[in-house]
Amino acid sequence: ALAVGAIIPILIDFEARVGLRGPSAAKLIGTGYSTYAQYRSGLRPLPRYHKNHVQSLLLLQPDALAILIKEHTHGGSKE
């Protein structure tokens with residue numbers, strides 16, 4: 001996990017690059033918004049698996065990323 005108490009730039013960059021705000025970004029990486037907000041602000045350490053997930057999402061082609069965003073943030077997911 002990353003250091004507690006430091007703003008997490010990867011999440012700020014992630015939100016900007018995928019065009020999502022916190023609540024939708026949290027859904028996309030599979031966590032609740034309150035936990036995500038704690039990760040983003042540095043109050044809680046960002047687990048390595050979330051960091052890896054974010055990095056993987058950013059490597060996707062834009063059309064594939066758009067499909068995932070739609071499925072996971074707009075109610076399209078069956079789970």
Side-chain angles (χ1 to χ4, degrees):
L2 300 175
V4 175
I7 298 289
I8 307 299
I10 189 172
L11 295 180
I12 295 166
D13 181 55
F14 170 65
E15 290 173 20
R17 290 179 57 190
V18 299
L20 297 175
R21 292 182 183 246
S24 293
K27 284 183 185 178
L28 187 58
I29 69 166
T31 191
Y33 176 64
S34 62
T35 300
Y36 179 87
Q38 290 174 3
Y39 293 151
R40 191 179 188 276
S41 69
L43 291 176
R44 181 183 283 197
L46 180 66
R48 177 75 45 204
Y49 60 89
H50 280 313
K51 183 178 183 224
N52 291 346
H53 188 189
V54 166
Q55 290 172 330
S56 297
L57 289 168
L58 293 175
L59 291 173
L60 293 175
Q61 294 296 318
D63 56 341
L65 181 59
I67 290 168
L68 281 176
I69 289 170
K70 183 178 179 184
E71 287 179 358
H72 293 282
T73 66
H74 300 297
S77 178
K78 300 295 184 218
E79 295 186 56

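Atoms considered below: every heavy atom in the structure, side chains included; atoms not considered: hydrogens, waters and symmetry mates.
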Q: Identify all side-chain donor-acceptor contacts of residues 26-35 below 3.5 Å with residues at least two apart in sequence or on another chain.
A:
none

Q: By the side-chain hydrogen bond (donor to acceptor under 3.5 Å, both in side chains) test, which pairs, at least two apart or in different chains, include something from residues 12-23?
A: Asp13-Arg17, Glu15-Tyr36, Glu15-Arg40
Q: Measuring from Ile10:CD1 to Leu58:CG, what's the distance to the nearest 0.5 Å?
A: 7.0 Å
Q: Can you find a pair of side-chain heavy atoms, one from Val18 and one from Leu57, that are under 4.5 Å apart?
A: no
Q: Would you mind listing every ring-ring contact (aromatic ring centres under 6.0 Å, His included) that reaches into residues 42-64, with sequence neighbours excluded?
A: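 Passing the test, one end in residues 42-64: Tyr39-His50.
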Q: Can you list every side-chain hydrogen bond (donor to acceptor under 3.5 Å, both in side chains) pair that touches residues 54-67, not counting sequence neighbours?
A: none
